[in-house]
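Reading through the structure tokens given below for one structure.
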Amino acid sequence: MNVYAIFADHVRAAVTALQEEGRVPAGLALARVVVEPPRDASNGDLATNAAMVLAKDAGMKPRDLAVLIAGRLEGLPQVTKVEVAGPGFINISLDPAFWPTVLAEVLRKGTAFGASTLGAGEPMNVEYVSANPTGPMHVGHCRGAVFGDAMASLLAFAGYKVTREYYINDAGAQVDVLARSAFLRYREALGEEIGAIPEGLYPGDYLVPVGEALTKEHGPALAALPEADWLPVVKDAAITAMMAMIREDLAALGISFDVFFSERSLTQGEDRVGATIAQLRTSGEVYEGRLPPPKGAPIEDWEDREQILFRSTDFGDDVDRPLVKSDGSYTYFAGDIAYHKDKFDRGFLRMIDVWGADHGGYVKRMQAAVKAVSGGTASLDIELCQLVRLTRNGEPVRMSKRAGSFVTLREVVDEVGRDAVRFMMLFRKNDAPLDFDLGKVIEQSRENPVFYVQYAHARAQSILRNGRVAFPDLPQGREGFADADLARLDDSGEIGLLMRLAAWPRLVEQAATAREPHRVAFFLYELASDFHAQWNKGKDLPHLRFIMENDLGLTMPRLGLVHGVATVLASGLALLGVEAVQEMK
RNA sequence: GCACCCGUAGCUCAGCUGGAUAGAGCGCUGCCCUCCGAAGGCAGAGGUCGCACGUUCGAAUCGUGCCGGGUGCGCCA
């Protein structure tokens, strides 16, 4: 139950009724009408902008219209007062017994409270990570991985049928480099002295086991072959090993995918990239032409030649984009078009790609491609994640020798834990740079939001455990508290918590619509803050404690509130992929 | 040169898709601290929302132009 959505319907119904009575003109656009919690509690429980939004089209003064609408709302159940205020706000006050009914719903539904039908079961493809299979994941991949995963969870909670997908870039020149690097480790495993890893090859020692495995399987046989013969063998083995490693890294972060899609599969057997280009040529989106040399940094070996181009300028891109390289092979973009066409062919009209900010220049052409390939019926949202600056107590973190030149995701997760990494990656808008301090995220203080939110959940569980000590006959599960006399929750802090819980379904929909899982993290922080504050209140004011010795009648609703807070905390943490702990270690 | 992202308190950042007196943490100041669970609590000061026009009942939010920072700019993935 989304209180605000329900009352928005009431307001629209009120306007419709007035229209039928002829007191308000027909044909008003009701979509802009919203019901929100007023910022200031003195303005009631709910507020709507309806009169101000509709006044112009209705040809009426906002306050006059507001009075008419307000008159209609007064008769609604639960409504105790309706006031017109300011430029035309309609402020609605509810029966004090209303907010506890929301808690009763939380207690009955559990973590299903807040789930939305917004997505209406529509298929939604979320592609993220898609790191090259050339080594372990590093911290740079981490943010996109966590962001994509949390957003997929959020969209699923909001009612979409989500598929999580990883595109394996196993077709380009980089995997050839990987193969040559692995071959060197293979010769090393055979006993050969290889010396320093040459420039241009991957130096990380994660390839050592790949070389050893190759000797076990092939003995020295590969070393005698020309590159053209050993390369495919070594490449397959190396990619398989790298993907296994990446899956382990992802598992360490609590991430798994529904689909791993291989770039190579697009050209193995039938040439699906070529087929896609042919299709676009038929529809007029592909042509032969010349491009002007790019502005900015001059390109030394610029060669003006006729090439096969995708007409992305038709969709708002700056220039048309080449699909075939000078050596005749497809560009990465060409493969990506075929890949997104495959998503479309699998029934996805809605797709989301999560990329690093350094790929920002690629957004328009990819969106153009999805439009072209789907005849304009599919849409692609692209969310960019800015860089992460990794520090330890303010100092930049050193590079890892083992991995070659970067800090691996695994090192970070091993040091501070999955929960801290995930929460901090989500405690910032994705399009803003993020400072991640290894020292601060394990601090146990209010400064550290990970701790603060988890502590709130642990504290709630602790209170419930203590409650069962004081009152051994308390219900076991949260449902047993739904029938308590919840209307006794009348302290301002308690009501504030109830209103916060009531805001959860609305926040889910907003965060899902905006593709912004960070809003969930901030919401949880605020809920935790409210909850800690109420607990602290009980320090000075014993009559406000959650557990009232000798007063089961009051303890029951208060423990119901604690259950409700814990439930929503757990629900939100689950979306973020962070554990709702029973106690702090 | 062009495109995209970002400019909000001293610092790090939120700001509910245009609403009422712009919020939080840290830092600063002042009180309190034998509490169901230590890892503190409460309160206060502090902002021309980069600048300027515009859109309208109403702008931190939308548009345009500047200023400042970041990212990217055939045949890399």
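These values consider heavy atoms only, across backbone and side chains, with no hydrogens, waters or symmetry-generated copies. Naming convention: chains lettered A, B, ... in sequence-line order (proteins, then strands); numbering from 1 in each chain. None of these values were measured; they are calculated from a predicted model.
In the model, A:Tyr287 has a side-chain atom that pairs as donor or acceptor with a side-chain atom of A:Asp320 under 3.5 Å. Side-chain contact annotation: A:Glu509 with A:Tyr4, donor-acceptor N/O pair under 3.5 Å absent.
When rounded to the nearest whole Å, the span between CZ of A:Phe310 and C1' of B:G74 equals 16 Å. Remark: P of B:G19 and CG of A:Asp40 are 16 Å apart, rounded to the nearest angstrom. The CG atom of A:Asp318 sits 19 Å away from the P atom of B:U71 (whole-angstrom rounding). Look at CG on A:Asp530: it is 11 Å from P on B:G25, rounded to the nearest Å. When rounded to the nearest whole Å, the span between CG of A:Leu387 and P of B:G70 equals 12 Å. B:C13 atom C1' lies 14 Å from atom CD of A:Glu516, rounded to whole Å. Summarising the geometry, the separation between CG on A:Asp336 and P on B:C76 is reported as 15 Å, rounded to the nearest angstrom. Between the CZ atom of A:Arg365 and the C1' atom of B:C4 there is a distance of 12 Å, rounded to whole Å.
B:A52 and B:C5 have their P atoms separated by 23 Å, given to the nearest Å. The C1' atoms of B:A24 and B:U48 are separated by 22 Å, rounded to the nearest whole Å. Straight-line distance between the P atoms of B:C51 and B:A9: roughly 10 Å, to the nearest whole Å. Distance check on atom P: B:A39 versus B:U34 gives 12 Å, rounded to whole Å. Look at the C1' atom in both B:C66 and B:A77: the space between them is 37 Å, to the nearest Å. One P atom belongs to B:U55, the other to B:G70, and the distance between them is 35 Å to the nearest Å. The C1' atoms of B:A14 and B:U8 are separated by 10 Å, rounded to the nearest whole Å. Distance check on atom P: B:C6 versus B:G46 gives 30 Å, rounded to whole Å.
Using a 4.0 Å heavy-atom criterion, one finds that A:Asn49 contacts the bases of the nucleic acid, with or without backbone contacts as well. Nucleic acid contact class of A:Glu526 (heavy atoms, under 4.0 Å, all strands): none. Backbone-only contact: A:Phe522 has heavy atoms under 4.0 Å from sugar-phosphate atoms and none from a base. Looking at heavy-atom distances under 4.0 Å, A:Ala470 makes no contact with the nucleic acid at all. Within the 4.0 angstrom heavy-atom criterion, no nucleotide atom of any strand lies near A:Phe523. At the heavy-atom level, A:Val53 lies under 4.0 Å from base atoms of the strands shown. A:Arg428 comes within contact range of the sugar-phosphate backbone alone, with a heavy-atom separation under 4.0 Å but no base atom that close. Within 4.0 Å (heavy atoms only), A:Lys61 reaches no atom of the nucleic acid at all. Using a 4.0 Å heavy-atom distance criterion, A:Pro87 is classed as a base contact. Nucleic acid contact class of A:Arg519 (heavy atoms, under 4.0 Å, all strands): sugar-phosphate only. Within the nucleic acid shown, A:Phe427 has no heavy atom closer than 4.0 Å to any nucleic acid atom. If you check every strand for non-hydrogen atoms under 4.0 Å, A:Gly172 touches sugar and phosphate atoms only. Using a 4.0 Å heavy-atom criterion, one finds that A:Glu303 contacts the bases of the nucleic acid, with or without backbone contacts as well.
Between A:Phe546 and A:Phe531, the distance from one ring center to the other falls under 6.0 angstrom. A:Phe522 and A:Phe427 have their aromatic ring centers within a separation under 6.0 angstrom.
Side chain of A:Thr331 to backbone of A:Pro322: a donor-acceptor contact under 3.5 angstrom is found.
Regarding the sugar-base torsion, B:A38 falls in the syn class, its angle being within 90° of 0. Look at B:U17: its glycosidic torsion is within 90° of 0, and that puts it in the syn range.
Checked against B:G74, B:C42, B:A39, the side chain of A:Phe451 finds its nearest nucleotide in B:A39. When distances are taken from the side chain of A:Arg32 to each of B:U21, B:G58, B:A20, the shortest belongs to B:G58. Considering only side-chain atoms of A:Lys56, the nucleotide from B:U17, B:U56, B:A77 that sits closest is B:U56. Side-chain proximity of A:Tyr525 to B:A24, B:A39, B:C5: nearest is B:A24. In the set B:A77, B:G41, B:A39, B:G41 carries the atom at the smallest distance from any side-chain atom of A:Asn536. With distances taken from any side-chain atom of A:Asp435 to the nucleotides B:C13, B:G74, B:A20, the minimum falls on B:C13. Side chain of A:Asp431, nearest nucleotide from B:A20, B:C5, B:A39: B:C5. Looking at the side chain of A:Arg545, the nearest of the listed nucleotides B:U17, B:A39, B:C35 is B:C35.
In summary, A:Glu494 and A:Arg558 engage in a salt bridge, as defined by a charged side-chain N under 4.0 Å from a carboxylate O.
Regarding contacts with the backbone of B:A38, a side-chain N or O of A:Arg459 is found under 4.0 angstrom from either OP1 or OP2. One finds a side-chain N or O of A:Lys429 lying less than 4.0 angstrom from the OP1 or OP2 phosphate oxygen of B:G15. Phosphate contact (OP1/OP2 of B:C76, side-chain N/O of A:Lys325, threshold under 4.0 Å): present.
For A:Asn91 and B:A20, a side-chain-to-base donor-acceptor distance below 3.5 Å is present, hydrogens and geometry of angles not being considered. Remark: the A:His518 side chain and the B:A14 base include no donor-acceptor N/O pair separated by less than 3.5 Å.
Between A:Lys539 and A:Ala514, the residue anchored closer to the 5' end of RNA chain B is A:Ala514, taking for each the nucleotide with the nearest heavy atom. Between A:Tyr452 and A:Pro37, the residue anchored nearer the 5' end of RNA chain B, judged by the nucleotide with its closest heavy atom, is A:Pro37.
Ring pair A:His563/A:Phe481 is tilted by interplanar angle, where 30° to 60° counts as tilted. Ring planes of A:His532 and A:Tyr452: tilted class, angle from 30 to 60°.
In this pair, A:Phe89 does not lay its aromatic ring on the base of B:G19; centres under 5.5 Å and planes under 30 degrees do not both hold.
Geometric assessment of A:Arg321 against the ring of A:Phe333 yields a negative cation-pi assignment under the 6.0 Å and 45° thresholds.
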